[in-house]
Amino acid sequence: MGQIYITELSRHVGEEVTLKGWLYNMRSSGKLLFPQLRDGTGIVQCVVAKNSVAPEVWEALKPLGQESSLVVTGSVREDNRAPGGVEIDVRDAQVLQNAHDYPITPKEHGTEFLLDNRHLWLRSKKQHAILKVRHTVVKAVRDFLDHDGFTLCDTPIFTPAACEGTTTLFEVDYFGDEKAYLTQSGQLYNEATAAAFGKVYCFGPTFRAEKSKTRRHLTEFWMVEPEMAYATLDDVMDLAERFLSYIAARVLEDRAEELKALERDTSKLEAIIPPFPRLHYDDAVKMLDEGFEQGALEQKFEWGGDLGAPDETYLSSKFDKPVMVHHYPAAVKAFYMKRDPERDELALGVDVLAPEGYGEVIGGGERATSLEFLQKQIAAHDLPQEAFEWYLDLRRYGSVPHAGFGMGVERCTAWMCGIEHVRETIPFPRMLYRLTP
RNA sequence: UCCGCAGUAGCUCAAUGGCAGAGCAUUCGGCUGUUAACCGAAGGGUUGUAGGUUCGAGUCCUACCUGCGGAGCCA
């Protein structure tokens with residue numbers, strides 16, 4: 001009999017199977033052992049009766065510590081006393097290693113300790129469920145864009161200069177003479193590939209050397225950035241709406257078990273269907289003023305500023321779906337944003353704010369098309385024009401309206417899972433004060 | 001960088017300024033249906049670091065270190 005995975009057990013009731021895995025926990029009662037076996041696909045309880053295995057097997061199993069590696073052979077039996085509905089009556093077992101002093105015990109632990117042991121923490125039920133949801137978010141992202149006519153065109157991770165100028169970059173020595181920087185966005189390169197392929201996306205790690213210590217920040221995170229030629233701000237909002245709705249639907253469909261393990265209120269995810277409310281910045285400011293007058297916000301919001309975290313939380317609390325705030329003041333947005341032809345002080349940008357305080361999950365908009373405008377912007381932001389010559393070429397040779405956005409995978413995953421902090425949504429989080437393991 | 005909170009056994013946490021404690025984990029023993037199993041026993045400590053106040057400091061004061069939460073900035 002070959003190896004069977006725990007998720008497949010319900011199809012093998014009455015058969016003898018061989019499972020290969022690790023000991024999740026073990027209870028015992030005199031002449032009975034109840035090892036819980038974990039194999040990466042699930043956890044199943046085994047039953048070992050002293051008189052139904054060879055004496056050496058009994059002696060080998062009895063002292064096993066948490067996370068010992070072992071292979072178990074036995075018959076699958078339906079039993080409603082077992083957590084998973086089935087149990088394994090063990091006939092034979094082979095111990096690969098008896099592990100001792102596994103640091104993560106069945107009791108509670110603090111975050112610092114768990115993050116120090118992240119390489120082991122990944123084996124725990126909750127972490128396993130979160131990363132399964134992440135997997136599905138990533139899969140949904142790719143499936144959606146691929147089926148919608150987008151071409152994957154990945155952008156470089158080493159970049160020669162800042163994409164947006166202001167944000168802090170990680171500097172890397174590039175063969176001595178030159179400095180390279182880790183990318184903080186594939187945005188500018190996406191505009192080049194969009195002019196070559198029409199609809200494109202890049203999907204990879206992104207680096208921000210900001211000294212942010214909040215539940216929404218990592219220094220290394222994954223971002224997917226679709227970009228469309230011949231597209232406008234409205235097209236981007238339409239895309240964002242369909243995109244997020246598809247991801248939520250896929251997570252609900254494919255990860256029901258994990259959402260249950262995470263105790264996620266799935267009605268919050270079921271509500272993520274088009275259309276999403278669209279809120280002009282001017283109207284957002286009015287809502288924030290009302291919030292301040294009612295005492296829901298501590299600080300009065302002044303027109304012209306970017307939304308702070310409490311502002312975002314307040315606005316999104318007024319809706320049960322993601323809310324799309326558009327037409328921000330140009331001064332708070334990136335230099336390449338297209339201006340509103342009606343009101344030059346506004347940029348054709350949009351931020352999608354997730355409900356339940358998860359904050360900005362998508363940011364994007366329409367890009368400037370005019371060569372002269374961009375040259376002025378580059379000068380006004382004190383950026384070196386020669387570094388942007390290739391980018392300006394995109395406006396010299398067939399400039400068209402185009403637009404796109406970026407979505408943070410970890411923020412999206414945290415939102416789907418309903419968990420506090422993005423650090424649990426990536427296998428090995430990189431944060432201001434954490435580079436290990 | 002700023003504001004707030006914390007640091008005691010491997011882990012999670014107690015201890016009015018007066019003998020350093022418990023649960024889990026570990027080791028040993030018991031139990032044929034355990035569900036974070038349970039019952040009994042044992043080992044385990046430079047109370048983050050350095051000073052200070054005091055007859056006496058885990059506890060009070062100062063500085064520093066480390067971490068957490070938040071702000072700014074962002075996805």
Side-chain angles (χ1 to χ4, degrees), chain A residues 24-36 43 45-52 58 62-63 65-67 77 79-84 87 89 99-117 120-121 124-125 163-164 166-169 184-187 205-225 240 298-299 305-313 332-334 350-354 357-364 405-415 420-423 425-426 431-434:
Chain A
Y24 194 74
N25 196 12
M26 179 141 73
R27 288 178 279 270
S28 68
S29 181
K31 305 288 188 294
L32 284 178
L33 299 176
F34 299 95
Q36 290 189 299
I43 295 173
Q45 175 162 287
C46 305
V47 184
V48 186
K50 190 175 184 181
N51 58 17
S52 59
W58 176 262
K62 207 174 149 189
Q66 243 185 304
E67 292 300 322
R77 176 171 46 75
D79 193 321
N80 52 24
R81 286 174 295 187
E87 283 188 342
D89 285 322
H100 278 291
D101 297 315
Y102 185 68
I104 303 176
T105 65
K107 290 278 178 177
E108 302 155 12
H109 298 283
T111 309
E112 190 189 355
F113 174 79
L114 289 169
L115 284 172
D116 284 340
N117 288 283
L120 303 174
W121 191 21
S124 303
K125 278 181 193 166
C163 284
E164 303 182 18
T166 53
T167 321
T168 321
L169 294 165
Q184 59 180 351
S185 167
Q187 162 60 33
T206 303
F207 307 88
R208 302 271 167 100
E210 293 155 357
K211 296 201 167 180
S212 300
K213 332 192 290 181
T214 79
R215 69 185 67 162
R216 299 179 301 279
H217 286 87
L218 297 170
T219 54
E220 176 183 320
F221 65 97
W222 283 64
M223 185 157 69
V224 56
E225 296 173 271
E298 285 182 19
Q299 291 202 323
D306 203 357
L307 302 180
D311 306 318
E312 287 184 0
T313 304
V332 300
K333 287 294 174 186
V350 58
D351 282 354
V352 183
L353 309 180
Y358 284 97
E360 186 184 341
V361 73
I362 279 180
F405 64 75
M407 183 190 78
V409 167
E410 290 76 18
R411 283 190 185 177
C412 181
T413 304
W415 170 33
E420 270 293 294
H421 206 299
V422 293
R423 65 189 162 208
T425 64
I426 187 166
M431 296 180 292
L432 181 52
Y433 296 117
R434 179 165 296 277

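Every chain is numbered from 1 and lettered A, B, ... according to where its sequence line falls, protein lines coming before strand lines.
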Asp101(A) has a side chain; which of C74(B), U26(B), G72(B) sits nearest to it?
U26(B)
For the side chain of Arg208(A), starting at C-beta, report the closest nucleotide among A75(B), U32(B), A71(B).
A75(B)
Ring-base stacking, Phe221(A) with A75(B) (5.5 Å, 30° cut-offs)
yes
Given C74(B), U32(B), A75(B), the nucleotide with the shortest approach to the side chain of Ser29(A):
U32(B)
Rounded interatomic separation in angstrom, taking CE from Met26(A) and C1' from C24(B):
17 Å
Report the residue (Leu115(A) or Phe34(A)) whose heavy-atom-nearest nucleotide on RNA chain B is the more 5′ of the two.
Phe34(A)
Under 4.0 Å from OP1 or OP2 of G72(B): is there any side-chain N or O of Arg216(A) that close?
no
Base, sugar-phosphate, or nothing: which does Gly65(A) touch, judged by heavy atoms less than 4.0 Å apart?
nothing
Paired nucleotide for G23(B) [Watson-Crick or G-U wobble; both distances under 3.5 Å]:
C11(B)
Starting at the 5' end of RNA chain B and moving along, which residue's nearest nucleotide shows up first, Leu218(A) or Gly30(A)?
Gly30(A)
Reckon Arg215(A) has a side-chain N or O less than 4.0 Å from the OP1 or OP2 of G69(B)?
no
Re A50(B): Watson-Crick or G-U wobble partner, both distances kept under 3.5 Å, found to be U62(B)
Counting only side-chain heavy atoms from C-beta out, which of C31(B), U27(B), G69(B) sits nearest to His421(A)?
G69(B)
Identity of whatever pairs with G69(B) - Watson-Crick or G-U, under 3.5 angstrom
C3(B)
Between the base of U34(B) and the side chain of Gln45(A), is there any donor-acceptor pair under 3.5 Å?
yes
For Tyr358(A), is there any backbone N or O sitting under 3.5 Å from a side-chain donor or acceptor partner on Arg411(A)?
no
Nearest of U32(B), A36(B), G72(B) to any side-chain atom of Arg27(A)?
A36(B)
Respond yes when some side-chain nitrogen or oxygen of Arg423(A) is under 4.0 Å from OP1 or OP2 of G69(B), and no when none is.
yes
Partner of G40(B) under the Watson-Crick or G-U wobble criteria, both distances under 3.5 Å, comes out as C28(B)
CD-CZ distance between Glu112(A) and Arg434(A), expressed to the nearest 0.5 angstrom:
6.5 Å
Exercise: identify the closest heavy-atom pair between His100(A) and Pro63(A):
CE1-O, 4.2 Å
Given that both distances must come in under 3.5 Å, which nucleotide forms a Watson-Crick or G-U wobble pair with U16(B)?
none
Closest heavy-atom pair and its distance - Leu120(A), Tyr102(A)
O-OH, 3.1 Å
Side chain of Asp79(A), heavy atoms from C-beta onward: which of U32(B), G33(B), G69(B) has the nearest atom to it?
G33(B)
Side-chain atoms of Thr214(A) come closest, of G10(B), G72(B), A75(B), to G72(B)
His109(A) side chain N/O closer than 4.0 Å to the phosphate oxygens (OP1, OP2) of C24(B)?
no
Please tell me which of the listed nucleotides, C73(B), C24(B), G33(B), lies nearest to the side chain of Val47(A)?
G33(B)
Ignoring hydrogens and angles, does a donor from either the side chain of Arg411(A) or the base of C74(B) sit under 3.5 Å from an acceptor on the other?
yes
Among the nucleotides C74(B), G33(B), U66(B), which one has an atom lying closest to any side-chain atom of Glu87(A)?
G33(B)
Of all the choices, C74(B), U66(B), U26(B), which nucleotide is nearest to the side chain of His100(A) once you look at every atom?
U26(B)
Tell me, do Thr219(A) and Phe207(A) make a side-chain contact under 4.5 Å, heavy atoms counted?
no
